[in-house]
2 protein chains.
Amino acid sequence: MEAQVTDARPRDRAATRQRLLEAARMLFGEYGYEQVTVRMIASAADANIALVGRYFGSKSGLFGEVLAGEPTVRAVVEGDRAGLPRRLAEYAAERMSHDPETPILRSLERSAGDPEIQALVRERLHTVVLEPIAALLGGPDAHVRARMATAVFLGIGSVRRLIGPETPSPADVDRLTAVFELCLGLETRP
Amino acid sequence: MEAQVTDARPRDRAATRQRLLEAARMLFGEYGYEQVTVRMIASAADANIALVGRYFGSKSGLFGEVLAGEPTVRAVVEGDRAGLPRRLAEYAAERMSHDPETPILRSLERSAGDPEIQALVRERLHTVVLEPIAALLGGPDAHVRARMATAVFLGIGSVRRLIGPETPSPADVDRLTAVFELCLGLETRP
DNA sequence: GCGGCTAGTAAACGAGCGTATACTCGCCGA
DNA sequence: TCGGCGAGTATACGCTCGTTTACTAGCCGC
């Protein structure tokens, strides 16, 4: 008999749903929307393919729920205005060296084929990153400056993905801080 | 009879090959490798699908030839060291507002699924952008600084693609120049 | 004038995708 | 004890993808 305790999971709808959501978060973050198949997600979550459709309606529905559930960079954006460049730089430096634990930003760089997904991503980037930064900045061209900082932020992710991670030195973080200050128009030099 | 002169093209292997190459260059640049199908390319080139396989071996072979045939940003990178930030800024500003005529850079941002394509893109980015900039800079951490500038460059493309084009003001170009100076460690301030 | 090389064509192949359907089986209240 | 509800499953459907194969038709040297 050997007992063969393959820890038969109890049938738990909520838990299975959560496993799918978590697996999707990881995979979408790492590979982008189009590259991830529902079979990959189901396999990673150790669940059946059909459950994706059952619990989330469709692949794009699952992606939308993943996107909506991400706290994203709120902690970075929220805070005092003067410290924003340094917080952005430290977060970006984190992204340069190793995978961040909030993978959704990476999926922003990719995932562009499906117009529905594109709209989701665009809206999310707007409301979670661009608008908060612009609001914190204030001023007439706040959006332009927020946009430039966002560009630097996304670009760092692109480069890491394209040519591999690299651990930045403290001097690099300082330089990056200065770059963000410049982008945001928050130069602190006398 | 009506003659029906549907301008029957002369059968010209070289010309057809060139049309396919050109269509692929446009489409890959605009949508990235994975999003473009060989049917799209053949249709845009007004050629038969099978000719892609016949003339280029495969879709990835065609992509490789497109990649190899691009002059890319050589004109921007080559030149005096002091002027590099401004040249980069002007080129990047061009990218912010409307589509550049060398679309291959955009495909660098995307196209990540197939490992073979990823290797092609990585190698190309290295030899055409990163290495020339690092060589122009010199110094111990030249690669780190070149990498940071590349990140800004790619990020601007990502943002344009994600949230639409925006025409930068001359002041924005100035700011961008300062950003590149900072990234490259070429601060010219006294 | 004509046969053969070749550019170009039409159609199909197998694989993989997202999705939908019909089913099995374990648990829980009556 | 047992009937049914629902979580989980196996499988198939329709589609599109990259690729391949068998074919058609025009030009060029003889």
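Quick note on labels: first sequence line is chain A, next is B, and so on, each numbered from 1. It should be emphasised that the depicted structure is a prediction, and the values quoted were computed from it without experimental measurement.
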Chemist: Considering only C:dC25, C:dC17, D:dT19, which nucleotide approaches the side chain of A:R11 most closely?
Modeler: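 Closest nucleotide to the A:R11 side chain: C:dC25.
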Chemist: Taking atom C1' of D:dG18 as reference, at what distance in whole Å does atom CD of B:E34 sit?
Modeler: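 Result: 13 Å.
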Chemist: Taking only N and O in the side chain of A:T16, is any of them less than 4.0 Å away from OP1 or OP2 of D:dA7?
Modeler: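 Result: no.
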Chemist: For B:I49 and A:G57, take the nucleotide of DNA chain C holding the closest heavy atom to each; which residue's nucleotide lies nearer the 5' end?
Modeler: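 Mapping each residue to its closest nucleotide by heavy atoms, the 5'-most match is B:I49.
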Chemist: Side chain of A:A50 only, heavy atoms from C-beta on: which candidate in D:dG18, D:dT9, C:dT9 is closest?
Modeler: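 So the side chain of A:A50 is nearest to D:dT9.
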Chemist: Per the atom types in the model, does the base of D:dT9 pair as donor or acceptor with the side chain of A:R54 at under 3.5 Å?
Modeler: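 Such a pair exists between side chain and base.
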Chemist: Check this for me: does any side-chain nitrogen of one of B:R147 and B:D141 sit under 4.0 Å from a carboxylate oxygen of the other?
Modeler: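 Between B:D141 and B:R147 there is no salt bridge, as every charged N stays at least 4.0 Å from the carboxylate O atoms.
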Chemist: Whole angstrom is fine here: how far is it from CD in A:Q35 over to C1' in D:dC17?
Modeler: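 After rounding, the gap between these two atoms is 13 Å.
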Chemist: Does any part of the side chain of A:E166, heavy atoms only, come nearer than 4.5 Å to the side chain of A:R160, both counted from C-beta?
Modeler: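 They are not in contact (no side-chain heavy atoms under 4.5 Å apart), so the answer is no.
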Chemist: Measure from CG on B:L27 to P on D:dG18 and round the result to the nearest Å.
Modeler: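 In whole Å, D:dG18 P lies 12 Å from B:L27 CG.
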Chemist: Rounded to the nearest 0.5 Å, what separation is found between the CG atom of A:L84 and the SG atom of A:C183?
Modeler: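 The CG atom of A:L84 sits 11.0 Å away from the SG atom of A:C183.
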Chemist: Salt bridge or not between B:R87 and B:D80? Use side-chain N to carboxylate O under 4.0 Å.
Modeler: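 Between B:D80 and B:R87 there is a salt bridge, with a charged N closer than 4.0 Å to a carboxylate O.
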Chemist: B:D12 has an atom CG; how far is it from atom P of D:dA25, in whole Å?
Modeler: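 That distance rounds to 21 Å.
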Chemist: From C-beta outward on B:N48, which listed nucleotide comes closest to its side chain: C:dT9, D:dT9, C:dT19?
Modeler: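 Selected nucleotide: C:dT9.
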Chemist: Would you state whether a donor and an acceptor, one from the side chain of A:R39 and one from the base of C:dG16, lie under 3.5 Å apart?
Modeler: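 Counting by modelled atom types and ignoring angles, no donor-acceptor contact under 3.5 Å is found here.
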Chemist: Between A:Y31 (OH) and C:dC17 (P), how many Å, whole number?
Modeler: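 Answer to the nearest Å: 14 Å.
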Chemist: What nucleotide among C:dT19, D:dG18, D:dT9 has an atom nearest to a side-chain atom of B:T37?
Modeler: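 Looking only at heavy atoms from C-beta outward on B:T37, the closest nucleotide is D:dG18.
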Chemist: Quick one: B:L62 CG to D:dT19 P, roughly how many Å, whole number?
Modeler: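 The answer, rounded to whole Å, is 10 Å.
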Chemist: In whole Å, I'd like the distance from the CG atom of A:L20 to the C1' atom of D:dT9.
Modeler: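 Taking CG of A:L20 and C1' of D:dT9, I get 14 Å after rounding.
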Chemist: Whole angstrom is fine here: how far is it from CG in A:L51 over to P in C:dT19?
Modeler: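 That distance rounds to 14 Å.
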Chemist: Remember a base hit wins even if backbone is also touched, and classify A:Y55 as base, sugar-phosphate or nothing at under 4.0 Å, heavy atoms.
Modeler: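 Counting heavy atoms under 4.0 Å across all strands, the contact made by A:Y55 is with sugar-phosphate only.
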Chemist: Assess the side chains of A:D172 and A:S169: does a donor N or O sit below 3.5 Å from an acceptor N or O?
Modeler: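 There is such a pair (donor and acceptor under 3.5 Å, judged by atom type) between the side chains of A:D172 and A:S169.
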